[in-house]
Participant: 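Provided herewith is a single structure, encoded as structure tokens, for subsequent inquiry.
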Number of protein chains: 2
Amino acid sequence: MEKHVTIKDIAKELNTSVSTVSKALNEKYFDINPETRQRVLKAAREMGYRPNPIARKLQQGRSYNIGVIVPEFLDTFFPEVIFNIQKRLIKEGYQVVVMSSDESFETELENLKTLEDNMVDGLIISLTRETKNIDYINKIIDRGMPVVLFNRVNPSIRSPKVIFDDFKWSHFATEHLILQGYRNIYHFSLPYHLAMSQKRIQGFKSALKKYRIPFTEEHIIETGISIEEGQEAMKRLLDRDIVPGAVFAAGDKVAIGAIKELKRRGYKIPDQIGVMGFTESALAEIIEPNLTSVNQPTDKIADKIVELLLDSINDNGKAKIGEFLIGGTLNVRESSRVMASDPKRT
Amino acid sequence: MEKHVTIKDIAKELNTSVSTVSKALNEKYFDINPETRQRVLKAAREMGYRPNPIARKLQQGRSYNIGVIVPEFLDTFFPEVIFNIQKRLIKEGYQVVVMSSDESFETELENLKTLEDNMVDGLIISLTRETKNIDYINKIIDRGMPVVLFNRVNPSIRSPKVIFDDFKWSHFATEHLILQGYRNIYHFSLPYHLAMSQKRIQGFKSALKKYRIPFTEEHIIETGISIEEGQEAMKRLLDRDIVPGAVFAAGDKVAIGAIKELKRRGYKIPDQIGVMGFTESALAEIIEPNLTSVNQPTDKIADKIVELLLDSINDNGKAKIGEFLIGGTLNVRESSRVMASDPKRT
DNA sequence: CTGTTAGCGCGTTCAT
DNA sequence: ATGAACGCGCTAACAG
């Protein structure tokens, strides 16, 4: 069990002092003889020296670690975003530490504390489904921790927030169905209490209004986020002898559940009924017919998050509180293709 | 920016010394007046004291953090395993720190060093696709770090290894196709240099041998891990006017690629050609026909990993070097259902 | 340009 | 039962 070599070892080896070694190792000091620096660097290399980040953290409160907290990573969205965040931050010399809250507010709070105690230089957070109390996050921010929220945000948190432009793209998605000739469109919403659900509902309504298509609140149905929940919702609707002209589901999985049930009962998609998803996943191109969906560009989302976080770290507190909207792409596939036209929207 | 309260603050508040406070806070000291301890505990609570893990790490080299390094988390397998690992370790008082290597050996090495430098108490690793040099991992192990490998392992690493019983379940999978009446079965392998690929190839051969079914090395084709690569492989085969009786793909995505190409050319699955996947993913129940596949139980895998790691941490070095095999389930679905029978295997 | 010293927060002897 | 003093590895303020 070979000991870890420290600056003290190097100092001893070179018959010099620890502070000299420390300065030689840190680029920013210029009051040091270039030759000495070279000797130190050489010795450090030969002795296999690696700085101890723990000691450094303790001393200067800076860790070059960034904490990321997400509600889950069983779906592909968060992993993709994390992956992209990591890719960019590594270039800036940061390491990324990921923790999952498993949709539990308690775990989220623990993660928050752990990362704060471990002195990460910044925090990237997507809230739990059940997070309503945001006092602790705001407290952390007030203590000076750079924080960026994304995707699942809470407007009362005093940090920059990166979110997808749900309203706009929900509007576009609905408009697409309308332009394809579909009427009597139903919206399968994600759980109502999520801010994004409300935005998507508003986008849905806005498009209907624009084309003066009559609708009642019954056209909006609250579902969950799983395939099963989507299928259940579709089943309940059909059991009441309601046959929609089209279904715009606020999530791909819900859309797929709906398709399954429609196919099971022999309905033809897209000819009889159109189906549209949201937050495109790999599943869209596997289900038959391929699912039309709105793609959220995880790379752009990650870009913006990293940009805002680094700003916040460097500008030291002058964080731009507010929402930064990211746009997407409407990927038209078979499940909504009635007519030939309607250009791809970007 | 309120300061973080330390034991020194508590000591000052109570007009006592830091060492007394420290002892009072740590259960294991008994040479301390119970009343004093209560006073300290009360003050700590009221002042909102939280121990600084960084300082503690520096002092005693123990962090109650476990590092996890995986090659990617874009697919569902690793996220699921990590999720389960986290769930179990949290109960034991550990926090889990996840890093992705993005299939790059260099990044893997960096992650390894970062986590080691950050004094994690243990390491859970699944190797990169390109990892051939394992000197560094072995060096870490020799320095006394508890390490458990899983899924992507290298037999020369001196640690416990948790792997799926690829041979056995590849054998079962092939046997299933044979019992369904399929002949002229092709195996679409993952990249050859992965140990698991070889195991699955052997299982494939073993089943053919058992039923005395003739085959040539040409029945084994090296592919990648993506849908596209599976589709490409199928295309190349059909372009050479070779029509398999069945395809056993070593990965679900590859299988799905194969199905896509077969459907595109009008072949009927499972009637004309049977298809079998491996390492079941959510996609299996979405593709049509639903894909028969071998499920790897991520919860059992995580259980074994955590068990071995905790053993290694506590027994302090007496790690059981060797392979621990985990069994799975054969989920028979539409893509291989020719005859009615053949019971579900577990 | 180099060395001495103090201190980050904590746990741990060793006196008292 | 309590407290003073030291060290974990590093950086920074200050002498020299």
Side-chain angles (χ1 to χ4, degrees), chain A residues 1-41 43-44 47-65 113-114 116-121 144, chain B residues 1-41 43-44 47-65 113-114 116-119 121:
Chain A
M1 179 134 175
E2 24 173 325
K3 277 301 296 169
H4 210 258
V5 26
T6 72
I7 51 171
K8 197 188 278 183
D9 298 326
I10 301 181
K12 202 175 293 171
E13 179 73 19
L14 264 47
N15 279 320
T16 177
S17 73
V18 286
S19 61
T20 304
V21 174
S22 175
K23 282 180 192 167
L25 256 22
N26 279 303
E27 304 288 338
K28 61 180 166 182
Y29 291 96
F30 294 101
D31 56 342
I32 190 136
N33 189 323
E35 286 180 29
T36 318
R37 167 161 284 158
Q38 287 315 314
R39 279 194 359 200
V40 170
L41 257 34
M47 299 172 69
Y49 169 77
R50 287 214 318 269
N52 182 334
I54 304 286
R56 186 178 277 164
K57 278 183 223 190
L58 184 57
Q59 143 69 21
Q60 49 182 9
R62 182 119 198 227
S63 69
Y64 281 95
N65 274 21
K113 289 182 181 171
T114 302
E116 191 192 10
D117 289 347
N118 278 279
M119 296 181 182
V120 293
D121 294 350
Chain B
M1 180 134 178
E2 24 173 326
K3 278 301 298 168
H4 211 259
V5 26
T6 73
I7 51 171
K8 195 189 279 183
D9 299 326
I10 300 181
K12 201 175 293 171
E13 179 74 21
L14 264 48
N15 278 320
T16 177
S17 72
V18 286
S19 58
T20 303
V21 175
S22 174
K23 283 178 192 167
L25 255 22
N26 279 304
E27 304 288 337
K28 62 180 165 185
Y29 290 95
F30 293 101
D31 57 340
I32 191 132
N33 190 322
E35 287 180 27
T36 317
R37 167 160 286 157
Q38 287 315 314
R39 279 194 359 204
V40 170
L41 257 34
M47 299 172 69
Y49 168 76
R50 287 213 319 270
N52 181 334
I54 303 284
R56 187 179 273 163
K57 277 184 224 189
L58 184 58
Q59 143 73 16
Q60 51 182 6
R62 182 118 198 227
S63 68
Y64 279 95
N65 274 21
K113 289 182 180 170
T114 302
E116 191 193 10
D117 289 345
N118 277 279
M119 297 180 181
D121 294 351

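So you know, we letter chains A, B, ... as the sequences are listed, proteins then strands, and number each from 1. As the structure is a prediction and not an experimental result, all values here were calculated from the model.
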Participant: Could you please name the option among D:dT2, C:dC1, C:dT4 that lies closest to any side-chain atom of B:T36?
Facilitator: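 Selected nucleotide (nearest to the side chain): D:dT2.
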Participant: Can you confirm whether the side chains of A:N52 and B:K57 place a donor and an acceptor under 3.5 Å from each other?
Facilitator: no
Participant: With rounding to the nearest 0.5 angstrom, report the NZ to CD distance, B:K8 to B:E13.
Facilitator: 15.5 Å
Participant: Using whole Å, report how far CD of B:E27 lies from C1' of C:dC10.
Facilitator: 17 Å
Participant: Is it the case that A:S17 and A:T20 place a side-chain donor and acceptor less than 3.5 Å from each other?
Facilitator: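 The answer is yes; a qualifying pair exists.
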Participant: Going 5' to 3' through nucleotides 10-16 of chain D, assign each nucleotide B (protein heavy atom under 4.0 Å from a base atom), S (under 4.0 Å only from sugar-phosphate atoms) or - (no protein heavy atom that close).
Facilitator: BBB-B--
Participant: In whole angstroms, how far is the C1' atom of C:dC10 from the NE2 atom of B:H4?
Facilitator: 13 Å
Participant: Nearest whole Å is fine: how far is C:dC1 C1' from A:Q38 CD?
Facilitator: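 In whole Å, C:dC1 C1' lies 16 Å from A:Q38 CD.
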Participant: Looking at B:D117 and A:P53, would you say the former's side chain and the latter's main chain have a donor-acceptor pair under 3.5 Å?
Facilitator: no
Participant: Specify the separation, in whole Å, of atom CG of B:L14 and atom P of D:dG3.
Facilitator: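 Taking CG of B:L14 and P of D:dG3, I get 10 Å after rounding.
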Participant: Are any non-hydrogen side-chain atoms of B:R50 and B:H4 less than 4.5 angstrom apart?
Facilitator: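 Yes - at least one pair of side-chain heavy atoms lies under 4.5 Å apart.
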Participant: Applying a 4.0 Å non-hydrogen cut-off, can you work out what B:L58 is touching in the nucleic acid: base, sugar-phosphate, or nothing?
Facilitator: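 Base contact - B:L58 has a heavy atom under 4.0 Å of at least one base atom.
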Participant: Can you check the B:N15 CG to D:dT2 C1' distance for me, whole Å?
Facilitator: 14 Å
Participant: Starting at CG of B:D9 and ending at P of C:dC8, how long is that distance when rounded to a whole Å?
Facilitator: 10 Å
Participant: Expressed as a whole number of angstroms, how long is the span from A:K12:NZ to C:dG3:C1'?
Facilitator: 16 Å
Participant: Report yes if the side chains of A:Y49 and A:D9 come closer than 4.5 Å at any heavy-atom pair, otherwise no.
Facilitator: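 Side-chain contact under 4.5 Å: no.
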Participant: Could you tell me the separation between the CZ atom of B:R37 and the C1' atom of D:dG3, rounded to a whole number of Å?
Facilitator: 16 Å
